[in-house]
Amino acid sequence: MTFTSDSASTQFSGAFNYSTSDAIPATITVFKALNVDDQLAVLWYAYTEMGRSITPAATGAARLQLAEGLLNQIQQMSHAEQLEVMRDLATQRNTPVSRSYGIFSVNTKLAFWYELSELMAKGLVIPVPAGYQLSRDGSQVLETLKELDFGQQITVLRKVVSDMGVDPLAD
């Protein structure tokens, strides 16, 4: 099935009628149907609004030192290049950065996005533009994420970030 904003909204609005465990796949489906900039904005808002609880789960098991080189490389880029890299990751465009990201474990990917959001908050990486307005579906994804319990939030975020980038070992 091809997802459009309307079909994603229909799929997503139904998530509120199911148990919260059913909301997880519906939230992931709608997230993936968002345009790339809304996907990045949802990640930004999720990490900035819920980041304090996500961090221990992400970095506790992650080997963030593996991601530090890539994060440092991104910091050295212009803001336009940084945005392009984030879009490339989200759309699984085959680039050197996407392939480097693709070898990270799921927990390292989760921690990578947390650290990237921290760098964005500090102004070291391009932030979400002031006044950026999430689409209706993007806002719904974010609100549903907030309503899920911690374990469910992590499940959604892990799935979302694990599917980003390009696994250089996959055919």
Side-chain angles (χ1 to χ4, degrees), residues 1-9 11-12 24-48 51 54 58-59 62-130 132-142 145 153-171:
M1 173 179 189
T2 302
F3 286 99
T4 64
S5 287
D6 291 336
S7 68
S9 292
Q11 169 81 17
F12 194 73
I24 292 170
T27 302
I28 293 166
T29 298
V30 176
F31 178 90
K32 289 181 175 186
L34 297 174
N35 72 52
V36 68
D37 290 331
D38 270 0
Q39 287 181 13
L40 295 173
V42 167
L43 281 177
W44 158 257
Y45 291 125
Y47 274 97
T48 56
I54 293 169
T59 57
R63 293 190 172 168
L64 194 54
Q65 66 270 20
L66 297 175
E68 285 177 357
L70 192 55
L71 289 164
N72 289 335
Q73 182 181 349
I74 292 169
Q75 286 182 73
Q76 301 306 311
M77 297 175 179
S78 70
H79 278 185
E81 291 169 325
Q82 292 169 345
L83 179 58
E84 193 62 30
V85 162
M86 288 187 265
R87 287 174 173 160
D88 290 347
L89 290 171
T91 59
Q92 298 175 303
R93 186 167 169 239
N94 192 346
T95 67
V97 171
S98 290
R99 288 189 301 276
S100 294
Y101 175 90
I103 64 170
F104 296 158
S105 71
V106 173
N107 284 337
T108 301
K109 289 177 180 181
L110 199 59
F112 171 89
W113 284 100
Y114 172 77
E115 291 298 324
L116 196 59
S117 74
E118 288 289 298
L119 294 170
M120 291 169 75
K122 293 175 184 172
L124 300 172
V125 171
I126 187 171
V128 173
Y132 182 83
Q133 293 294 313
L134 271 174
S135 67
R136 180 187 54 178
D137 290 341
S139 294
Q140 288 179 322
V141 169
L142 188 59
L145 268 174
Q153 290 171 349
I154 293 296
T155 298
V156 169
L157 291 172
R158 277 190 175 135
K159 178 61 177 160
V160 164
V161 301
S162 70
D163 289 347
M164 292 182 173
V166 174
D167 183 350
L169 304 176
D171 288 306

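Along the sequence shown, residues are numbered consecutively beginning with 1.
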What residues, two or more places apart in sequence or in another chain, satisfy side-chain hydrogen bond (donor to acceptor under 3.5 Å, both in side chains) together with S135?
D38

Answer yes or no: is there a donor N or O on one side and an acceptor on the other, between the side chain of Q39 and the main chain of F31, under 3.5 Å?
yes

Determine, stepwise, if the pair V128 / L40 fulfils side-chain contact (heavy atoms from CB on, under 4.5 Å).
CA-CA 8 Å; V128 173; L40 295 173; over 6 Å; no

Distance col, row T29:OG1 vs I24:CD1, nearest 0.5 angstrom, shows 11.5 Å

Just how far is it from atom CG of L110 to atom CD1 of I154, taken to the nearest 0.5 Å?
5.0 Å

Plane angle bin for Y114 and Y47 - parallel if under 30°, tilted between 30 and 60°, otherwise perpendicular
tilted

Steps toward side-chain contact (heavy atoms from CB on, under 4.5 Å) verdict (W113, V160):
CA-CA 11 Å; W113 284 100; V160 164; over 6 Å; no

Take L70 and E115 through the test side-chain contact (heavy atoms from CB on, under 4.5 Å) and record every step on the way to the result.
CA-CA 11 Å; L70 192 55; E115 291 298 324; over 6 Å; no

One should read off an interatomic distance between M86 CE and D37 CG, to the nearest 0.5 angstrom, of 9.5 Å

Any donor-acceptor pair under 3.5 Å linking the side chain of E81 with the backbone of S78?
yes

R99: partners by salt bridge (Lys or Arg N to Asp or Glu O under 4.0 Å), with sequence neighbours left out:
none

Look at the rings of Y101 and F112 and say which category their plane angle falls in: under 30° parallel, 30 to 60° tilted, over 60° perpendicular.
perpendicular

Going from CD1 on I74 to CE on M120, what distance comes out if it is rounded to the nearest 0.5 angstrom?
11.0 Å

Under 3.5 Å: donor-acceptor pair, side chain of Q153, backbone of L145:
yes

Between S98 and R93 (side chain of the first, backbone of the second, donor and acceptor by atom type, cut-off under 3.5 Å), is there such a pair?
yes

If you look at every heavy atom in G102 and P168, which pair is closest and at what distance?
C-CD, 4.2 Å

Side-chain contact test, heavy atoms from C-beta onward, threshold under 4.5 Å: evaluate it for D88 versus V166 and give yes or no.
no

Would you indicate whether the side-chain heavy atoms of V97 and M77 approach each other to under 4.5 Å?
yes

Quick check for you: to the nearest 0.5 Å, what is the distance between K109 atom NZ and K159 atom NZ?
10.0 Å

Under 3.5 Å, side chain of Q82 to main-chain N/O of I126, donor-acceptor pair present?
yes

Distance col, row L34:CG vs L134:CG, nearest 0.5 angstrom, shows 8.0 Å

Verify, without hydrogens or angle tests, whether T48 (side chain) and W44 (backbone) share a donor-acceptor contact under 3.5 angstrom.
yes

What verdict does the side-chain contact (heavy atoms from CB on, under 4.5 Å) test give for I28 and D163, after you've listed the backbone C-alpha separation in whole Å, the side-chain angles of each residue and the deciding distance to 0.1 Å?
CA-CA 11 Å; I28 293 166; D163 289 347; 5.6 Å; no

